[in-house]
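Proteins get letters first, then strands, A, B, ... in listed order; numbering begins at 1 in each. The model shown is predicted, which means the values in this text are computed figures rather than measured ones.
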Amino acid sequence: MARVVVDVMPKPEILDPQGQAVANALPRLGFTGVGSVRQGKHFELEVDDDVDDATLARIAETFLVNPVIEEWVVRRVTP
Amino acid sequence: MTTEPVGSDLDHGQPVDTVECAGLTPDQRQPYRELGLKDDEYQRIVRILGRRPTDAELAMYSVMWSEHCSYKSSKVHLAYFGKTTTDDMRARMLAGIGENAGVVDIGGGWAVTFKVESHNHPSYVEPYQGAATGVGGIVRDIMAMGARPIAVMDQLRFGPADAKDTRRVLHGVVAGVGGYGNCLGLPNIGGELVFDRSYAGNPLLNAGCVGAMRVEDLHLAHASGAGNKVILFGARTGLDGIGGVSVLASDTFSGEESAGRRKKLPSVQVGDPFTEKVLIECCLELYRAGVVVGIQDLGGAGLSCATSELASAGDGGMHVWLDRVPLRAEGMTPAEILSSESQERMMAIVRPDDMDAFLRVCDRWEVLATEIGEVTETGRLVITWHGHVVVDVPPRTVAHEGPVYQRPVERPADQDALRAAGPESLTRPSTPRELRELLLRMVSSPNLASKRWVTEQYDRYVRGNSVLAQPSDSGMVRVDEETGRGVAMSTDCNGRYCKLDPYIGAQLALAEAYRNVATTGATPLAVTDCMNFGSPEDPGVMWQFEQAVRGLADGCRELGIPVTGGNVSFYNQTGEVAILPTPVVGVLGVIDDVGRRVPTGLTDEPDQTLLLLGDTRDEFGGSEWAHVVHDHLGGVPPTVDLARERLLGEVLVAASRAGMLLAAHDLSEGGLAQAVVESCLLGSVGARIVLPEGSDPFVQLFSESAGRVLVAVSNAVVPAFTEMCASRGLPLTEIGIATPESGILHIDGVATLGLDELRDAWEGALPALFD
């Protein structure tokens, strides 16, 4: 078994209402100095060793990610 | 003298193309084709300006002269609406075609504004955000008229229900409509859901909105009064939606382009309904404070559109300091800022004395507001970037004097063959058993099945004023909470009828929406339209468009209600194949007291007679039966008789006022069988139907003749109601009784069906397809 991590972020040019909400809330809670917040998703998958990179890329692109508005990175994490 | 490209090194170290540069480098090649401009259109810009445009000017002209913004192919045809609207029809119209949305006086000091707009292409590329921002855009149009948005309704069309891509698009679109509308706290009171092969790859998302205001609160989009300030308020401007208008909405998806589609993907905008909700409340408070001279929403074409349209509708001049626009992304160029389609932004014109009050209101709602310009008397729209002039144009040439095309119009060569291949040769059911099977198959077919799976994902009752919503014939909302005055709205279109005859098809759409409004007891007042067609470069499509416009305009004149506004969406086609011509028609009606509305479903009162108003003929061209059973489209659509529709409407409204109607349901796709099944299931009330003696039960049950309504009246009222119809010359047939406790629908000599069995068929179809 290997651990695979998929990190997903809204594309830089795409509006990120969630990140913005966090950024707006910070000063209200007394935290200053944070200029901008972007919020993404982080997946951890336990996969069999024979699952190849191409399959992982397909899993990410077709199911975990909305490629129209998000960008992503797939990484194998050595145990 | 050198002819090196000259650029001012500004701000981010990027050279910016200024008017001065443009004068010095007349021969610099510009990417106008990539921006969607034709050679002659580019030459025309050069002639207007007397020099090549700057990058920023080119961006403005290219988005504003796109099909979506300039109506360049449709303008010559849309003029027909003006010619057919009489002064009588205009009497209640406070704002019409050309404003953000039409406005009608509904009496009692109230005005209502309503409009339907398309967001088709974005909804195919990114269904959730495309649909969500479609709703957001139409809501801002309504806000810009000074009204509070009170309801939305959406017209959705997809490819075949069992096609794989339909699942993807439908799930996203429905979730997007629901997500945005629910967050805004707006009830979704109806709409349409249609499946047809022609919409595969070209789904239609039309978004409608209704708003209400006191008559004196009407606001129009113009920038007048030199010295007045130009305020941009709402969300920041980012890189989203750049080129959305010129590239997405005005081009066809062909095989070649879809390969390169990734490049265009950033054209998608992401909406934030919570920002929009705050913006709505902020605008309404600004109106109440009386600090707004003119206002406009930022939709397609963003700042290019808002600045040029406001300036040309006012005293004709405006100066904008573009570097003051608050940005979300770094390093944006003037051209990008001008064409960004970031959502949830508005532009207002404010007197200098009111600036403090204006900014105080925005501050209270935590809405970012920035003074970015000033109204001038120069007659020119001048935009500067860090002190350098990057745009200097006559605003009307951008907003209103774009190219106008007299596109070739030609009746398609195969139109005659299509009309000749009528439904007469199709095998019809003959035995009672076949009729029974057909009835169940029809009510569970995707276009006739209950839309509940979709509409239950929407909030239909938020704000507490919805009195009718899907599956009623019309949506209805209370406007005046003291008197109960309200409005009803219905939108309709059968693209199959329009394909067979776009003139008659458009009139049938109008007739059905009109009838749906009258069926609930409201008086039809005004019309809006959303014309969805294929490529205007196809003469056959232009013929369909011209016919539909003429049919709708002539029909409105006959019914005496004006078209107050509309929207045109072209290029809905894949390769050579256009969608069915789909002129969606919305009719708005007024009812003095929503308490007297007529329900669609049967009620459980004892001793009710069911009456069918109107004539039933053998009409199956373009019918749902031909579609479902034979996958056939040919022949001619049902006859349309608008004088009859008007009479029918008068009778329905009069009977509703007299309290005669216990229920009423319009007959349309699927005919009498469908109407009876829906009436029974919506009220959970059984019925016994006796078809006229000697008639063909198949024709009686499934013909789609227009101008018919099924009504339920108390037995005691039948003589008076019959007399009322007879004296006005409206044909009526007694066709049965309601049997509240029976739990069955019995059709004499044809079938007996349990309501449970019918409900499983009708309500089970969409969940089976999409869950």
Q. Going by atom types alone, do B:His119 and B:Glu117 pair a side-chain donor with an acceptor below 3.5 Å?
A. no
| query | Between B:Arg168 and B:Asp165, is the closest basic N to carboxylate O distance under 4.0 Å? | reply | yes
Under 4.5 Å to a heavy atom of chain B? For A:Gln20 that would be side chain
Under 4.5 Å to a heavy atom of chain B? For A:Asn66 that would be side chain
Applying side chain to side chain donor-acceptor pair (under 3.5 Å) to A:Thr55 and not counting sequence neighbours gives A:Asp52
Turns out that what part of B:Glu366 lies under 4.5 Å from chain A's heavy atoms comes down to side chain
Applying side-chain contact (heavy atoms from CB on, under 4.5 Å) to A:Pro27 and not counting sequence neighbours gives none
